[in-house]
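Report on the structure given below.
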Amino acid sequence: MQNWHWLQGPVEDAARRLLGCELVHAVDGETLRVRIVETEAYDQLDPASHAFHGRTAANDAMFRSAGHAYVYLSHGIHHCLNVVTGQEGFGCGALVRAAEPVGPVGEMTRRRGRDGVQLTNGPGKLCQALAVTRALTGHDLTRPPLRLIERPALPDDEVVTTTRIGISRAVEAPRRFYIRGNPYVSRS
DNA sequence: GAAAAGATCTTCT
DNA sequence: GAAGATCTTTTCC
């Protein structure tokens, strides 16, 4: 297991630290790469989190140690990827809301059926482009096929902090982070 | 056991 | 701007 010390502190710090890092997914002979540009922080003390009601079979991956993947199915249609960031037994993680494609763009466009910013500017969209599904829940992100690559932390003036999107509880918490001016950041 | 809501996206008006 | 698609998980009787 690689040293995930940089993901260990408060989940807000981990979520901000994930901006600029890359996700690499090897699938069907292709190696799909994206760079994370938007995240949201969730933990078991947060009413908006899937971990809020305690550890269950469904959310078990969120309670594992930092560096695992937690993928859930949203509205029965879309997969959404989280990077688990805490210690074993404490449920928390960062939802990867948007990323920018690194390559090969053609292969991601084929999987998405859309191109341009529509490729990866939302949590469900980026999972479709990257071919990430629930089968990867609990996966160790140091190993193939899906790996997380650490990148240097961005300077503070490039990171914007806002309230989260698409939730109905704890709506005031400033736990959404994105790279200032990046075209792939989601809006709605 | 049944019902409702959900960390979304697309299409239509 | 609003609603539909579609299914898992949670909650309430």
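Letters go in sequence order (proteins before strands), and every chain restarts at 1.
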Taking the six-membered ring for Trp, is the centroid-to-centroid distance between A/Tyr42 and A/His50 below 6.0 Å? no
Taking the P atom of each, how far is C/dT6 from B/dA2, in whole Å? 23 Å
Reading nucleotides 8-13 of chain C from the 5' end, what letters show protein touch, with B for base, S for backbone sugar-phosphate only, - for no heavy atom under 4.0 Å? SSSS--
Using both distances under 3.5 Å as the test, list the Watson-Crick or G-U wobble partner of C/dG1, or none. B/dC12
Partner of A/Trp6 under side chain to side chain contact (heavy atoms under 4.5 Å, CB included), chosen from A/Asp13, A/Thr85, A/Leu18: A/Leu18
Are side-chain heavy atoms of A/Phe90 and A/Asp43 found at a separation under 4.5 Å? yes
Working note: A/Arg147 + A/Asp140, criterion salt bridge (Lys or Arg N to Asp or Glu O under 4.0 Å); need CA distance, chi angles, decisive distance, verdict. CA-CA 8 Å; A/Arg147 287 181 299 137; A/Asp140 176 351; over 6 Å; no
A/Ala15 and A/Ala41: which non-hydrogen atoms are nearest, and at how many Å? CB-CB, 4.1 Å
A/Asp28 (side chain) donor-acceptor with A/Glu30 (main chain) under 3.5 angstrom: no
Taking NZ, NE, NH1 and NH2 as the nitrogens, is one of them in A/Glu100 or A/Arg35 under 4.0 Å from a carboxylate oxygen of the other? yes
Please work out if A/Leu95 contacts a base, only the sugar-phosphate, or nothing of the nucleic acid, heavy-atom cut-off 4.0 Å. base
For C/dT8, what is the paired nucleotide under Watson-Crick or G-U wobble rules, both distances under 3.5 Å? B/dA5
Say whether, by atom type as modelled, one donor and one acceptor occur between the side chain of A/Ser65 and the main chain of A/Glu88 under 3.5 angstrom. no
What is the first contacted nucleotide of DNA chain B and what is the last, in 5' to 3' order, if contact means an atom lying under 4.0 angstrom from a heavy atom of chain A? B/dG6 to B/dT11
Using a cut-off of 4.0 Å on non-hydrogen atoms, how would the nucleic acid contact of A/Arg114 be classed: base, sugar-phosphate, or nothing? sugar-phosphate
Touch class at under 4.0 angstrom, heavy-atom based, for A/Arg112 against every strand present: sugar-phosphate
Ranking A/Gln128 and A/Ser168 by the position along DNA chain B of their nearest nucleotide, the one closer to 5' is A/Ser168
